[in-house]
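Any value given below was found using the heavy atoms of this structure, including those in side chains, with hydrogens, waters and symmetry copies removed. Protein chains get the first letters and strands the later ones, always in sequence-line order, with residue 1 at the start of each.
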Amino acid sequence: MSQQSRTHDLLAAVIGGFALITLLTAGWNVDTSGPDPFYKGPLLFPVLVLSFMVISALPAIRRLIWPATGVKWYLDGNGLPVKTMWILVFLIAALFGFSIIGLEASTALFLMGALHFMGVRGLFQGVGLPLLLTLVIVLVFKLFLDVWFPEPLFLNWMGG
Amino acid sequence: MFEHMLAGFHAALTLANVLSLVSGTFIGIVVGILPGIGPMVGMVVMLPLTFSLAPDIALSLLLGVFCGGYFGGAIPAILMRTPGVPSSLVTSFDGFPLTQKGEAQTALSAALIGSFGGGIISVLCLIFLAPVLSHVAASFGPPEYFSAGLFGVVLVVMANRQQMTQGLLLLGLGLWFSTVGIDGATLSPRFCFGTLVMQNGLDIVPVCLGLFGIGQTLLLVERKILQTDQLNLTGSTLDFSKLRVAFRYWKTLIRSGIIGTFVGLLPGTGSILASFMSYEGAKRVSGHPEEFGKGTPEGCLASEAGNNAVPAGAMIPLLTLGIPGDALSAVLLGVFTINGIYPGPLLLVKEPVLINTLYVSMLLINISAFIMLALWLRPFALIVRAPAGILAVYIMVISVIGIYAVNTRIFDAMVAVVMGVVGYILLRLGWPVVNLVMGVVLGEILENRLRESLSIGQGDPMIFVTRPISLFLVVMTLLIIVVPLFFDHRRRASEAKSYPGR
């Protein structure tokens with residue numbers, strides 16, 4: 001990791017920019033119609049925090065506009081995290097899958113798919129273990145903790 | 001007081017509590033041994049499972065993971081030069097050279113005695129310091145609380161002052177996150193962007209779980225962490241004859257335990273600083289400082305005593321002021337509040353049995369971690385070879401389902417995934433993620449106390465400097481900003497003088 005990388009300044013500037021936009025639009029995003037004076041009101045603390053963020057980002061914005069000689073965009077040499085991004089896509093799909101195909105099917109499919117993608121092969125490691133963990137999850141969350149999970153939409157569709 | 005202590009012992013020694021703390025310690029050791037996972041991930045993954053438990057049992061479980069993690073982190077640091085938790089890096093300075101000399105058992109004995117001693121010393125400090133601090137805190141009003149919270153956030157930023165811009169921005173982002181949702185005082189919606197789901201705000205649990213649980217595991221998907229695959233360990237249990245060697249350094253043990261407790265007490269400083277300070281302290285006082293870094297058991301002992309004293313140290317501001325010193329104690333704060341218990345100066349008066357149960361549980365956790373590691377050293381050491389990427393996938397799915405289970409809201413799971421992506425990016429960039437968490441945790445405390453203080457003072461901010469305790473805290477806050485910056489400036493100036501070409 002290189003602390004001199006311009007990537008750090010770019011991210012700092014993005015966060016600072018976000019803070020500035022949020023600060024400028026705070027009047028629309030916070031209901032200040034109550035009778036309280038400003039120092040008791042809901043906008044005092046956010047305004048202080050957002051102003052503080054904008055000021056904190058100024059040095060990074062300055063470095064981004066006028067970079068020192070020799071600074072690069074190089075980050076850590078680990079490249080684009082393709083595998084990580086795919087696992088993330090699987091995870092998001094599993095999350096939506098809870099309400100579409102149910103907890104059990106969604107969890108098992110996520111585990112089998114992600115592990116296959118990670119290079120895990122073999123009946124036990126690739127299928128058996130994911131099914132076992134799914135069973136443990138169902139037992140712990142549904143039976144032991146009695147957590148409510150949404151009725152799978154898929155079943156509703158099948159039932160007409 | 002004595003009967004409360006006795007009641008604490010009684011509650012801590014119930015079967016349910018003992019089972020809970022032993023399981024927590026076991027899980028803590030496992031996650032501590034696994035490089036890149038650590039006690040924070042373990043705690044946030046276990047958190048949803050604790051909501052159906054009684055508060056003392058839930059806290060014992062999580063404290064077990066918290067303390068067990070630091071015990072376990074030393075094992076891969078010594079045997080494979082790969083710290084299980086970041087603070088065990090210092091343990092590897094002397095631990096791995098000892099392993100290379102065929103003295104892994106000596107290093108492990110010193111580390112385990114260090115961890116055990118550091119843990120016990122810090123719990124004793126907690127037992128004696130908490131009532132004192134609580135007595136002082138009883139005279140706190142909103143201005144004093146605000147000043148104490150401000151002192152905490154400034155300390156967090158100054159602890160990472162090498163990355164000042166990043167630290168400030170993340171702290172600010174965390175503070176802003178804490179304002180999202182319905183404002184408790186005026187019931188006004190804030191930054192909900194017209195959506196209903198945002199009105200409940202961003203809960204600390206999905207934020208922490210996302211940043212640490214999912215963020216860290218996303219990082220593990222592609223990274224190879226182990227420095228070596230070789231495991232040079234003779235015997236399957238700890239060689240108890242080597243414990244004698246470690247006991248020779250009892251003075252180092254006591255000093256390091258006290259250093260670790262006080263570092264843990266300060267918000268945001270973390271266990272790495274405790275390890276380094278204890279190690280450097282031992283080196284400075286030692287009759288053989290040249291042996292440090294080449295393989296001395298004293299180095300392993302000092303480092304482990306320092307980092308294992310941090311959990312109990314971090315409990316002191318949490319229990320007495322209601323201000324968590326780090327992300328791990330912020331998670332514990334969540335368990336307290338979910339059970340309707342609000343840490344602060346009155347906690348020791350209102351819940352004496354619970355507090356004493358916690359003290360006894362922490363002592364028992366240290367004892368059980370020592371016994372487990374001493375007896376099952378080799379099986380635990382073998383865990384380090386588990387493929388991190390595959391474990392990451394399992395942890396991810398448990399995290400997402402666990403976070404949904406807390407409030408049965410898919411939105412919380414989505415927040416956790418988004419925070420996971422944010423955490424992944426920040427971890428990869430090496431930004432201080434802890435500042436973001438501290439912002440979320442301290443945001444509500446700071447805002448409420450600020451508004452209450454200004455209301456008392458009719459909008460006049462001078463209220464913070466006209467009350468003695470608040471003034472003292474404001475002056476301390478200014479000093480911790482000015483003094484380190486002054487010394488940094490002086491150091492840079494002297495470096496520029498020594499190397500004019502640079």
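- Here the rule is side chain to side chain contact (heavy atoms under 4.5 Å, CB included) with B:Met396, and of A:Leu111, A:Leu88, A:Ile87 only A:Ile87 fits it.
- In this structure, the portions of A:Leu11 lying under 4.5 Å from any heavy atom of chain B include both its backbone and its side chain.
- Within the 4.5 angstrom heavy-atom criterion, no atom of A:Pro37 approaches chain B.
- When heavy atoms are compared at a cutoff of 4.5 Å, A:Ala12 approaches chain B by way of both its backbone and its side chain.
- The heavy-atom pair separating B:Gln166 from A:His8 by the smallest distance is NE2-ND1, 3.9 Å.
- When heavy atoms are compared at a cutoff of 4.5 Å, B:Ser455 approaches chain A by way of both its backbone and its side chain.
- Looking at B:Arg190, its side chain never comes within 3.5 Å of a backbone N or O of A:Val30 through a donor-acceptor pair.
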Practice task
Could you please spell out the steps behind the side-chain contact (heavy atoms from CB on, under 4.5 Å) verdict for A:Leu115 and B:Tyr394?
Solution key: CA-CA 9 Å; A:Leu115 290 178; B:Tyr394 285 116; 3.3 Å; yes
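- Across A:Tyr39 and B:Leu454, no two heavy atoms sit closer than the pair CE1-O, 3.5 Å.
- Proximity to chain A involves both the backbone and the side chain of B:Leu168, based on heavy atoms less than 4.5 angstrom apart.
- Here the CG-CG distance, from A:Leu10 to B:Leu429, works out to 10.0 Å after rounding to the nearest 0.5 Å.
- Counting non-hydrogen atoms of other residues, nucleotides and ligands closer than 6.0 Å to CH2 of A:Trp66 gives a total of 12 or fewer.
- In the displayed structure, A:Phe38 atom CZ is contacted under 6.0 Å by more than 12 heavy atoms of other residues, nucleotides or ligands.
- Within the model, atoms CZ of B:Arg449 and CZ of A:Phe45 stand 13.0 Å from one another, a figure rounded to the nearest 0.5 Å.
- The candidate from B:Thr186, B:Thr165, B:Leu169 with the greatest count of non-hydrogen atom pairs under 4.5 Å with chain A is B:Leu169.
- Around the CD atom of B:Gln199, the shell of radius 6.0 Å holds more than 12 heavy atoms that belong to other residues, nucleotides or ligands.
- When all heavy atoms of B:Tyr404 and A:Trp148 are compared, the pair lying nearest together is OH-O, 2.7 Å.
- One distance of note links CG of A:Leu103 with CD1 of B:Ile401; it measures 5.0 Å at 0.5 Å rounding.
- A:Arg62 CZ: 12 or fewer foreign heavy atoms inside a 6.0 Å radius.
- Between the OH atom of B:Tyr424 and the OG1 atom of A:Thr84 there is a distance of 4.0 Å, given to the nearest 0.5 Å.
- The residue among A:Asp146, A:Leu129, A:Val136 with the most heavy atom pairs within less than 4.5 Å of chain B is A:Leu129.
- With a 4.5 Å cut-off on non-hydrogen atoms, A:Ile55 does not touch chain B at all.
- Across every non-hydrogen atom of B:Glu447 and A:Pro46, the tightest pair is OE2-CD, 4.3 Å.
- For chain B, the nearby part of A:Phe98 is the side chain; its heavy atoms alone come within less than 4.5 Å.
- No more than 12 heavy atoms of other residues, nucleotides or ligands sit less than 6.0 Å from atom CG of A:Leu123.
- Only the side chain of A:Val140 comes within less than 4.5 Å of a heavy atom in chain B; its backbone stays farther off.
- The greatest number of non-hydrogen atom pairs below 4.5 Å with chain B, out of A:Leu58, A:Val49, A:Thr107, is found for A:Val49.
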Practice task
Under the side-chain contact (heavy atoms from CB on, under 4.5 Å) rule, what do A:Leu48 and B:Leu175 come out as? Steps first, then yes or no, please.
Solution key: CA-CA 10 Å; A:Leu48 285 175; B:Leu175 292 171; over 6 Å; no
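- Note: A:Asp36 CG to B:Arg451 CZ = 7.5 Å, rounded to the nearest 0.5 Å.
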Exercise for the section: Any chance you could lay out the side-chain contact (heavy atoms from CB on, under 4.5 Å) test for A:Trp28 and B:Phe193, step after step, and finish with the verdict? Expected result: CA-CA 9 Å; A:Trp28 290 289; B:Phe193 304 102; over 6 Å; no
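- For B:Ile214, the part lying near chain A is the side chain, with the backbone staying farther off; criterion is any non-hydrogen pair under 4.5 Å.
- Surrounding CD of A:Glu104 are more than 12 heavy atoms belonging to other residues, nucleotides or ligands, all under 6.0 Å away.
- Proximity to chain A is absent for every atom of B:Ala185, based on heavy atoms less than 4.5 angstrom apart.
- B:Met164 does not touch chain A: none of its heavy atoms, backbone or side chain, sits under 4.5 Å away.
- Taking all atoms of both residues into account, the shortest heavy-atom contact from B:Val393 to A:Ala114 is CG1-CB, 3.7 Å.
- Of the residues considered (B:Glu452, B:Gln458, B:Met414), B:Gln458 shows the highest number of contacts with chain A, using heavy-atom pairs under 4.5 Å.
- When B:Thr179, B:Leu170, B:Val397, B:Val421 are compared by the number of non-hydrogen pairs under 4.5 Å with chain A, B:Val397 comes out ahead.
- The contact between A:Met118 and chain B is made entirely by side chain atoms (from C-beta outward), counting heavy-atom distances below 4.5 Å.
- Of the atoms belonging to A:Phe90, not a single heavy atom falls under 4.5 Å from chain B.
- Of the atoms belonging to B:Leu426, it is side-chain heavy atoms, and not backbone ones, that fall under 4.5 Å from chain A.
- Once rounded to the nearest 0.5 Å, the distance linking CG of B:Leu173 with OG of A:Ser56 reads 11.5 Å.
- Of all the listed residues (A:Ala60, A:Ala57, A:Pro81, A:Pro150), the one sharing the greatest number of non-hydrogen pairs under 4.5 Å with chain B is A:Pro81.
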